[in-house]
Participant: 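Below is one structure. I have some questions about it.
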Amino acid sequence: AQKVTQAQTEISVVEKEDVTLDCVYETRDTTYYLFWYKQPPSGELVFLIRRNSFDEQNEISGRYSWNFQKSTSSFNFTITASQVVDSAVYFCALRRGQGGSEKLVFGKGTKLTVNP
Amino acid sequence: EPEVTQTPSHQVTQMGQEVILRCVPISNHLYFYWYRQILGQKVEFLVSFYNNEISEKSEIFDDQFSVERPDGSNFTLKIRSTKLEDSAMYFCASLPTKDGTEAFFGQGTRLTVV
């Protein structure tokens with residue numbers, strides 16, 4: 001069975017602080033994909049990143065960075081110099097690799113509040 | 001940029017009534033999905049649809065739910081007899097292929113059953 005755990009339910013920081021959102025996953029598959037989505041107060045789901053299980057390179061996109069570690073089954077997300085506009089619920093998700101179900105299994109989400 | 005469009009954005013319905021949620025996926029996409037998010041909770045998979053038939057469904061997707069693609073562009077989710085617990089945000093998503101590309105989500109329909 002596939003499972004995603006986001007242990008941090010809510011995080012509150014002050015603007016310009018760095019913040020890391022944790023994601024731990026469980027799967028028996030050797031091929032899988034990991035995702036992060038942002039859900040702002042308006043409610044839509046905004047895709048942030050996809051990572052496949054063969055690619056453990058960390059990725060940086062502006063103030064966002066992701067740390068994928070297969071050894072600990074973690075795919076953590078760091079926002080550097082947070083801004084008020086980063087306030088949202090962030091979801092980590094997992095899906096099976098080729099030949100498997102393409103449904104996304106989501107974690108419960110982490111609500112990030114960035115205060116001015 | 002192509003996007004998935006859902007209508008209506010918000011629907012209020014009486015318990016026991018039928019509702020149809022509509023989605024227009026991205027035009028060259030082949031795989032279609034419905035997900036549900038009860039307020040404050042995680043996003044849950046309902047059903048996937050490919051080649052005009054259901055390819056997978058969750059245990060949530062019971063006999064009161066149905067999906068269809070009536071005209072090659074719209075993708076609909078019907079709830080036959082709504083219950084209070086059906087109140088949620090419903091997201092439609094589509095994929096061009098099964099190769100791991102990220103799912104493109106619509107903006108969601110908030111369904112409120114009263």
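All of these numbers come straight from a predicted model, not from anything done at the bench. Atom set for the values below is all heavy atoms of this structure, side chains included, hydrogens, waters and symmetry mates excluded. Letters go in sequence order (proteins before strands), and every chain restarts at 1.
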Participant: Ring centres under 6.0 Å, that's the criterion: do B:Phe105 and B:Tyr33 meet it?
Facilitator: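 Centroid separation for B:Phe105 and B:Tyr33: 6.0 Å or greater.
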
Participant: With a 4.5 Å heavy-atom cut-off, do A:Thr110 and A:Val89 have their side chains touching?
Facilitator: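 In short, these two side chains do not touch, never coming nearer than 4.5 Å.
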
Participant: Strictly below 4.0 Å, N to O, side chains only: are B:Lys57 and B:Asp62 in salt-bridge contact?
Facilitator: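 Salt bridge between B:Lys57 and B:Asp62, a charged N being under 4.0 Å from a carboxylate O: no.
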
Participant: Strictly under 6.0 Å, is that where the ring centroids of B:Tyr50 and B:Phe32 end up?
Facilitator: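 Centroid separation for B:Tyr50 and B:Phe32: 6.0 Å or greater.
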
Participant: So what's closer than 4.5 Å to chain A heavy atoms on B:Gln37: side chain, backbone, both or neither?
Facilitator: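 The answer is the side chain of B:Gln37.
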
Participant: Does this structure show an ion pair linking B:Glu44 with B:Arg36, if we count only N-O contacts that are shorter than 4.0 Å?
Facilitator: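 Looking at B:Glu44 and B:Arg36, the cut-off is met.
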
Participant: Please tell me whether B:Tyr31 and B:Phe49 form a close aromatic pair, meaning their ring centres lie under 6.0 Å apart.
Facilitator: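 Between B:Phe49 and B:Tyr31, which both carry aromatic rings, the centre distance is not below 6.0 Å.
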
Participant: Does any backbone or side-chain atom of B:Tyr35 lie under 4.5 Å from a heavy atom of chain A? Answer side chain, backbone, both or neither.
Facilitator: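 For B:Tyr35, the side chain is the part near chain A, not the backbone.
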
Participant: Is it the side chain or the backbone of B:Gln41 that comes within 4.5 Å of chain A heavy atoms, both, or neither?
Facilitator: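 It is the backbone, since no side chain atom gets that close.
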
Participant: Of all the residues in residues 38-47 of chain A, which have a heavy atom that comes within less than 4.5 Å of a heavy atom in chain B?
Facilitator: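 Residues A:Gln39, A:Gly43, A:Glu44, A:Leu45, A:Phe47 are the ones that qualify, each having a heavy atom under 4.5 Å from chain B.
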
Participant: What orientation do A:Phe106 and A:Tyr37 show, parallel under 30°, tilted 30 to 60°, or perpendicular over 60°?
Facilitator: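 Answer is tilted, since the angle falls between 30° and 60°.
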
Participant: A:Trp36 vs A:Phe75 aromatic rings, parallel, tilted or perpendicular, using cut-offs 30° and 60°?
Facilitator: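 Plane angle between 30° and 60°, so tilted.
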
Participant: Under a 4.5 Å heavy-atom cut-off, does chain A meet the side chain of B:Ser55, its backbone, both or neither?
Facilitator: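 B:Ser55 touches chain A through side-chain heavy atoms alone.
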
